[in-house]
4 protein chains.
Amino acid sequence: MSRPHPDGRVRAAAVALFATKGFHGTGIRELADAVGLSSATLYHYMGTKEDLLVDIMQTSLDRLLTAAGQVLTESPSPVGAMNGLVRTHVVAHALRKAETAVVDTELRALSPERRRPITALRDEYENVWGSVIEKGQASGSFQVPDLSVARLALLQMCSGVANWYNPGGRHALAEIADMHAQLSLAMLGAEPEPGLPPAAHYIHLVTGIWGDDAAPG
Amino acid sequence: MSRPHPDGRVRAAAVALFATKGFHGTGIRELADAVGLSSATLYHYMGTKEDLLVDIMQTSLDRLLTAAGQVLTESPSPVGAMNGLVRTHVVAHALRKAETAVVDTELRALSPERRRPITALRDEYENVWGSVIEKGQASGSFQVPDLSVARLALLQMCSGVANWYNPGGRHALAEIADMHAQLSLAMLGAEPEPGLPPAAHYIHLVTGIWGDDAAPG
Amino acid sequence: MSRPHPDGRVRAAAVALFATKGFHGTGIRELADAVGLSSATLYHYMGTKEDLLVDIMQTSLDRLLTAAGQVLTESPSPVGAMNGLVRTHVVAHALRKAETAVVDTELRALSPERRRPITALRDEYENVWGSVIEKGQASGSFQVPDLSVARLALLQMCSGVANWYNPGGRHALAEIADMHAQLSLAMLGAEPEPGLPPAAHYIHLVTGIWGDDAAPG
Amino acid sequence: MSRPHPDGRVRAAAVALFATKGFHGTGIRELADAVGLSSATLYHYMGTKEDLLVDIMQTSLDRLLTAAGQVLTESPSPVGAMNGLVRTHVVAHALRKAETAVVDTELRALSPERRRPITALRDEYENVWGSVIEKGQASGSFQVPDLSVARLALLQMCSGVANWYNPGGRHALAEIADMHAQLSLAMLGAEPEPGLPPAAHYIHLVTGIWGDDAAPG
DNA sequence: GATGAATGAGCGTTCATTCAT
DNA sequence: TATGAATGAACGCTCATTCAT
């Protein structure tokens, strides 16, 4: 087995460092050290530091959108769709806590021009959640005081997993996903629906999109 | 002799800048410009940049703890306490979105020694929420899959208000507080309890602690 | 007597270094060393390196224009004006060889936006020479094959003094100015005109504009 | 084993870039891009960047010396020799403006050891002009105030053509050469001599030495 | 109080050059 | 021939901080 491509190792190290110390708190030499290269060599594999951040965010949001798309495809009812969105989101934010945390935290580090398309992707993703909530409210499956407040509250709650999830912690990933699905549906005033796929299904979905090879981030 | 206490205007400007651009993304000259002083003069009003951040966080967490203490004093039941905690938290995170966002985001910018006492304060505050949830679960008022997961999810959700609240937005602050109380209690599987104080009560409580004079942050 | 203002010392050192090693061949730390400051302190007294170059060029061209204006004022005839232009130009390029060489050599180091106004100043100065040649040709005092070729050839020849003038050299400055006046008028096919001011007059004019205080550059 | 000889395309690109942006203002990757090679491959065709500059200058000065030698051979009188030197110099500085400008401008970019032999070549060339002027002055054909000042002024004037010559400009090359011959002889106080070769003769001489194949530089 | 002056350290980035393939 | 990969050194510039006035 050969060493993984430096391009990927740079990205992985950047994800880890940006998540831990923030974009502005991470130096280019620190990143180079983490990869085992000189800072000059780093620029063989990347553009600017900002390019690197943009790439990380874009990739991550693309994957979240892909996952959400698959969930919608296989889930006809609002309750089923919501269940799937929450579980994939939670699983992704647990398995790739660094990567997702960077997306959630470092938007402000981008210059306005670079920020715009990233924000657009994020909005696109959040709109998926919004439309599911809307459909559920319209069909009577959900009872929320306000559509967009519910969407924001829900997303915020589920993204928070990236802040505290611990692979060796008290709860297995599947349990955490289950609990968040349960809490979310309760928040939406929804009746539990029988026959929904178990957490394992969504774990598989997420790992299929993100891949297992690279170090989780 | 202790460090000089930062002038209110310095503190306010720092809060605004740290919230917008992050601690590491904010320069000391930028802060000085915002206050209308030279960077050298700034050091008459503060210790180091890190001292300033610590001070901001400490003050903010102290106030949250004070508010939580008052809520507990006046709320005998778990449902009433939870209702109060959520509303004060939401109101504080709306009226002082910058300040509270800094506390939630910039912990990682602190050196380990300075971080420890701040983390302790934050844990103390979160424990208040935890013990109310525990009491409610024990008394049968709440039905949650896991105590600590519920606590984390709840806090994350309510803190998120600081990210999107807009004073001139679609919903009045009281409405937002009401909605979050409703969503939270639904999440906890609690029956609505009659006779709880309205949002205005908690807005008053928060403004009493934070003061109205300074620009909100 | 106090030390001269660092601002001026920075400019003087920059002029010397830019003239000797070129703009791109001069490092900011090299400049700082020459002034006896740290590179960080340098930025207390200047903007960017390019700002510094622009400032040097602007000042120099302004002075040349001022000198040319005074010459025109006091010289009615084309022969007299040309005599004065050549002598002031040569004297300036001898006494301030570094400064004038920078103007002649480093235009290309400027970014297009910064170059434009400097080029405009240079063109304005060259146009003074052009219109004197034109007037002389029209009045029959000069006999040149082409107006603009004569202007370019003349200016080039006189500017060259900055490349080889040596304060302690074989010829005194006044002699060099005299010779260039003679060569120039011969080139233009002009009859020598009696009663023109001696070189000393133009040396005085130049030193009056440039000042004696700072180190020559 | 000597240094690899730079490929013609590398040399041509270097000449163009050094002339436009200066030696220090031109990057090795920029040069590689211009040739369509990688920067690593460039080093198969050249030694160091400085070697490249030395080679350019040496070749150019060798050619100027060759041209001057041919002129002297075919021109017995000082006036005829001067006429030929000026015309070949002007033609070379027009047809190969980039190359000649690099020689005139970038001497300072060389390290002292590499500069010495180049300076020697340049001095040798300038001495040819000097001795012709001296002979003309001795024989009474020229009337100049000072031998070396005249030499410097003359050379500077004629080299200046490289700064402004434009192949599609108002004047044909032959005209420009004629005018400079006329201006130069006037400067030297020389009577026009009948029977001198036309500009075309010297254009042919220059193109014979420099070759037509490569892009002019 | 308030600031201009000063700096060592570090920033993100590019430099000319080498070398294994 | 040709290049991707690699680097130590340097680039122009900014950082948080100090201190004499």
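Just so you know, these numbers come straight off a predicted model, no measurement behind them. Convention: sequence-line order gives letters A, B, ...; per-chain numbering from 1.
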Answer yes or no: does a side-chain N or O of C/H44 lie under 4.0 Å from OP1 or OP2 of E/dA5?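 C/H44 to E/dA5 OP1/OP2: side-chain N or O found under 4.0 Å.
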Give a yes/no answer on whether the side chain of C/T41 brings an N or O atom under 4.0 Å of OP1 or OP2 in E/dA6.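 So the side chain of C/T41 is outside the cut-off, no N or O lying under 4.0 Å from OP1 or OP2 of E/dA6.
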Take atom [atom1] of [X] and atom [atom2] of [N], then tell me their distance rounded to the nearest Å.
X     : N      : atom1 : atom2 : answer
D/Y45 : E/dT18 : OH    : P     : 18 Å
B/M46 : E/dA2  : CE    : P     : 15 Å
D/L17 : E/dC15 : CG    : C1'   : 16 Å
A/D51 : E/dT13 : CG    : C1'   : 12 Å
B/K21 : F/dT14 : NZ    : P     : 14 Å
C/L53 : F/dG12 : CG    : C1'   : 14 Å
A/D33 : F/dA6  : CG    : C1'   : 15 Å
C/R9  : E/dA5  : CZ    : P     : 13 Å

Between the main-chain N or O of A/A19 and the side-chain N or O of A/K97, is there a donor-acceptor pair closer than 3.5 Å?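 Not a single qualifying donor-acceptor pair exists.
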Scan for side chain to side chain donor-acceptor pair (under 3.5 Å) pairs involving residues 26-36 of chain C, sequence neighbours excluded, and state none if there are none. C/K21-C/E30
Between C/S38 and A/A40, which is nearer to the 5' end of DNA chain E once each is assigned its nearest nucleotide? C/S38
Are D/E106 and D/R114 within salt-bridge range, i.e. N to O under 4.0 Å?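 Salt bridge between D/E106 and D/R114, a charged N being under 4.0 Å from a carboxylate O: no.
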In dot-bracket form, 5' to 3', how is DNA chain F paired? Count Watson-Crick and G-U wobble pairs only if both distances fall under 3.5 Å, and write | where the partner sits on another strand. .||||||||||||||||||||
Qualifying residues under side-chain hydrogen bond (donor to acceptor under 3.5 Å, both in side chains), relative to D/R9, sequence neighbours excluded: none
Choose from F/dT7, F/dA5, E/dA6 the nucleotide whose nearest atom is closest to any side-chain atom of A/L37.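 Selected nucleotide: F/dT7.
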Partners passing side chain to side chain contact (heavy atoms under 4.5 Å, CB included) against D/A13 (at least two apart in sequence or in another chain): D/L31, D/A34, D/V35
Check side chain to side chain contact (heavy atoms under 4.5 Å, CB included) between A/D55 and all other residues, then give those that pass, not counting sequence neighbours. A/R11, A/T59
Please list, for nucleotides 10-12 of chain E, all pairs of protein and nucleotide N/O atoms separated by less than 3.5 Å.
from, atom 1, to, atom 2, distance (Å)
E/dG10, O6, C/R29, NH2, 3.2
E/dG12, OP1, A/T26, O, 3.3
E/dG12, OP1, A/K49, NZ, 2.7
E/dG12, OP2, A/I28, N, 2.8
E/dG12, N7, A/R29, NH1, 3.0
E/dG12, O6, A/R29, NH2, 3.0

By salt bridge (Lys or Arg N to Asp or Glu O under 4.0 Å) - contacts of [X] (at least two apart):
X      : result
C/R122 : none
B/D7   : none
A/R115 : none

Contact class for C/L42 vs. all strands (heavy atom < 4.0 Å): base, sugar-phosphate, or nothing? nothing
